Amino acid sequence: MSNPDQKTLLIDNAYKQINNICKNLQKDTGATNLEVKSFLKLIMNEWEEKKDQKTGFGFR
């Protein structure tokens, strides 16, 4: 097995943290999987809008 690079390690770590946050959200609020997915999509859309505002380009 090759040694993973820093980017891979950061992505894996972020995935684990987001997964834990989602599990805790469900445990604390009783949110369904669909509600958590919708919430994550909302966050991603907001993030993309902020990024587009910074660059001034709306291309994908």
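These values consider heavy atoms only, across backbone and side chains, with no hydrogens, waters or symmetry-generated copies. All figures in this text were calculated on a predicted structure; none of them were measured in a lab.
Contact check for D5 versus L9: no side-chain heavy atoms found under the 4.5 Å cut-off. In this structure, T29 and E35 have side chains that are not in contact, with every pair of non-hydrogen atoms separated by 4.5 Å or more.
F39 and I18 end up in the same hydrophobic cluster when Ile, Leu, Val, Met, Phe, Trp and Tyr side chains are linked at under 4.5 Å. Hydrophobic clustering (side-chain heavy atoms under 4.5 Å, transitive across Ile, Leu, Val, Met, Phe, Trp, Tyr) keeps L40 apart from I21.
Using modelled atom types, no side-chain atom of N19 and backbone atom of Y15 make a donor-acceptor pair closer than 3.5 Å.
The distance from atom CG of N20 to atom CD of Q17, rounded to the nearest 0.5 Å, is 8.0 Å. One distance of note links CD of Q6 with CG of N13; it measures 9.5 Å at 0.5 Å rounding. Note that the OG1 atom of T32 and the CD atom of Q26 stand 7.0 Å from one another [nearest 0.5 Å].
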